[in-house]
Amino acid sequence: MTVLSVSNLEVSYGAVTALRGVSIDVAEGEIVAILGANGAGKSTLMKAIAGLMTPTKGDITFQGTRIDGADTDRLVRKGLSLVPEGREVFPYLSVEENLRLGAYTRPGDVSGDIEMCYDYFPILKERRKQQAGLLSGGQQQMLAIGRGLMAQPTLMMLDEPSLGLSPLLTQEIFGIVARLNAERKVTMLLVEQNAHVALETAHSGYVLETGRIVMAGPTERLKASEDIQEFYLGRSDDAARGEKRWKRRKTWR
Ligand code: ATP
């Protein structure tokens, strides 16, 4: 079943058109990665899906209901949660208070969910009384994901979870993302510049370039593409072939 369907989406910042006819589908239970260079439009796509930007064209359907233009609060209640780029934890609140805020849509006892977050991120339990602003970058990313989980989302969107993290921490975070997907059946849509880790973790992916999808498919197929290997994974046989690198052009096949 398709959980999220984006069709022909166009989003602009005044005169700047950031997305030009973008279409993506996210199937239930999948991890889907959006790859793309700086400025490709990845964050804009996430913001439009999360209700933070209103598209000028196209439509977004979540679990069978049109949601383009809907407000974020309603989307969170429907089961769509965004972990934004840069984490944006509440720095003066404790770790546990941040987690509780993630469950604002669900009144009542949420201690079971907090324990579940601590199972996935034991360091947060150790630091539960500490101010979130005093955590390391990786720990803040864990807290941001934990806070997103507290809303019990069907679909979790992660914007650049590896930003500013060491390779080791990035592996750890993506390992937990894969576990959340497998064990808690959370469908994931993630935006990532680190193509290596994204393609290892996701089931399928899309490549976004200057506001357009230029390639899509299962990650196994994307990993096998020469263009992906050269321009996103940094591998090249050019030296062996004696071909000048600058002569290569992306062909997106
Ligand atoms: P990054 O990886 O650097 O975050 P991105 O792929 O997420 O990049 P977006 O942030 O979605 O890209 O930006 C897409 C385009 O929209 C870019 O051309 C960018 O300059 C433009 N843009 C983004 N935010 C604004 C804004 N607030 N005002 C005007 N233009 C913007």
Side-chain angles (χ1 to χ4, degrees), residues 4-26 31-60 62 67-72 75 80-89 137-138 140-141 144-145 147-148 155-167 169-171 173-174 177 188-202 204-217 219 222 225 227-234 250 252:
L4 177 78
S5 181
V6 172
S7 174
N8 219 5
L9 201 70
E10 201 172 290
V11 179
S12 299
Y13 297 91
V16 180
T17 305
L19 297 180
R20 305 157 186 271
V22 167
S23 299
I24 67 165
D25 282 317
V26 178
I31 303 178
V32 176
I34 311 279
L35 307 180
N38 284 118
K42 306 180 300 296
S43 294
T44 305
L45 177 58
M46 294 298 230
K47 285 182 198 157
I49 297 169
L52 299 169
M53 292 198 68
T54 306
T56 41
K57 270 192 202 152
D59 49 68
I60 308 171
F62 178 59
I67 59 161
D68 36 290
D71 52 82
T72 304
L75 296 178
L80 194 152
S81 125
L82 171 69
V83 179
E85 186 177 338
R87 296 129 208 175
E88 295 179 20
V89 297
Q140 288 191 23
Q141 183 63 64
I145 296 174
R147 193 181 55 191
L155 173 66
M156 192 167 206
M157 302 198 294
L158 302 169
D159 194 352
E160 296 271 4
S162 80
L163 196 74
L165 302 188
S166 69
L169 258 174
T170 300
Q171 287 294 345
I173 298 266
F174 274 80
V177 165
M188 303 275 182
L189 175 62
L190 53 94
V191 151
E192 201 28 81
Q193 276 202 39
N194 183 333
H196 283 276
V197 72
L199 291 175
E200 285 313 317
T201 312
S204 65
Y206 291 86
V207 179
L208 193 58
E209 277 208 349
T210 52
R212 287 195 171 87
I213 301 289
V214 292
M215 201 174 187
T219 41
L222 295 181
S225 142
D227 286 324
I228 297 275
Q229 289 193 8
E230 179 160 1
F231 295 101
Y232 285 90
L233 297 173
K250 281 180 247 190
W252 298 123

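One-based numbering, in listed order, for ligands and for the atoms of each.
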Which heavy atom of [X] sits nearest to which heavy atom of [Y], and what is that distance?
| X | Y | result |
| --- | --- | --- |
| Glu85 | Ser43 | OE1-OG, 3.0 Å |
| Lys42 | Leu35 | CD-C, 4.0 Å |
| Leu82 | Pro84 | O-CD, 3.4 Å |
| Phe174 | Ala198 | CE2-CA, 4.3 Å |
| Leu9 | Ala48 | CD2-CB, 4.0 Å |
| Tyr232 | Gly36 | OH-CA, 3.7 Å |

TODO: With heavy atoms under 4.0 Å as the rule, classify the contact between Lys47 and ligand 1 as side chain, backbone, both or neither.
DONE: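 No part of Lys47 comes within reach of ligand 1.
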
Please identify which atoms of ligand 1 are closer than 4.0 Å to at least one heavy atom of [X].
| X | value |
| --- | --- |
| Ala40 | 5 (P), 6 (O), 12 (O) |
| Ala18 | 14 (C), 15 (C), 16 (O) |
| Glu85 | 4 (O) |
| Glu160 | 2 (O) |
| Gln193 | 2 (O) |
| Ser43 | 4 (O), 5 (P), 7 (O), 10 (O), 11 (O) |

TODO: Take atom 19 (C) of ligand 1 and look for protein heavy atoms under 4.0 Å from it; say yes if you find one, no if not.
DONE: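 Not a single protein heavy atom is under 4.0 Å away.
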
Task: atom 6 (O) of ligand 1 protein-contacted (non-hydrogen atom, under 4.0 angstrom) - done: yes

Open item on the list: Does either side chain, that of Ser23 or that of Asn8, offer a donor lying less than 3.5 Å from an acceptor on the other one?
Closed with: no

Does even one non-hydrogen atom of [X] get within less than 4.0 Å of ligand 1?
| X | result |
| --- | --- |
| Ala37 | yes |
| Gly41 | yes |
| Met46 | no |

Starting from [atom], locate the nearest protein heavy atom and write down its residue, its atom name and how far away it is, to 0.1 Å.
| atom | answer |
| --- | --- |
| atom 2 (O) of ligand 1 | Lys42 NZ, 2.9 Å |
| atom 3 (O) of ligand 1 | Asn38 ND2, 2.8 Å |
| atom 29 (C) of ligand 1 | Tyr13 CB, 3.3 Å |
| atom 14 (C) of ligand 1 | Gly39 O, 3.4 Å |

TODO: Before signing off on this row, confirm whether Val16 and ligand 1 have an N or O atom pair separated by under 3.5 Å.
DONE: no

- [ ] Calculate, to the nearest 0.5 Å, the distance between atoms CG and CD belonging to Leu163 and Gln193 respectively.
- [x] 7.5 Å

Task: N/O donor-acceptor pair under 3.5 Å between Ser162 side chain and Thr170 backbone - done: no

Task: Proximal candidate to atom 11 (O) of ligand 1 [heavy atom criterion; set Val191, Thr44, Leu208, Val11] - done: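 Going through Val191, Thr44, Leu208, Val11 one by one, Thr44 has the nearest heavy atom to atom 11 (O) of ligand 1.
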
Task: Leu208 and Leu19: CA distance, side-chain angles, deciding distance, side-chain contact (heavy atoms from CB on, under 4.5 Å) verdict - done: CA-CA 9 Å; Leu208 193 58; Leu19 297 180; 4.3 Å; yes

Open item on the list: Could you check whether any side-chain heavy atom of Val26 comes within less than 4.5 Å of a side-chain heavy atom of Tyr206, counting everything from C-beta outward?
Closed with: no

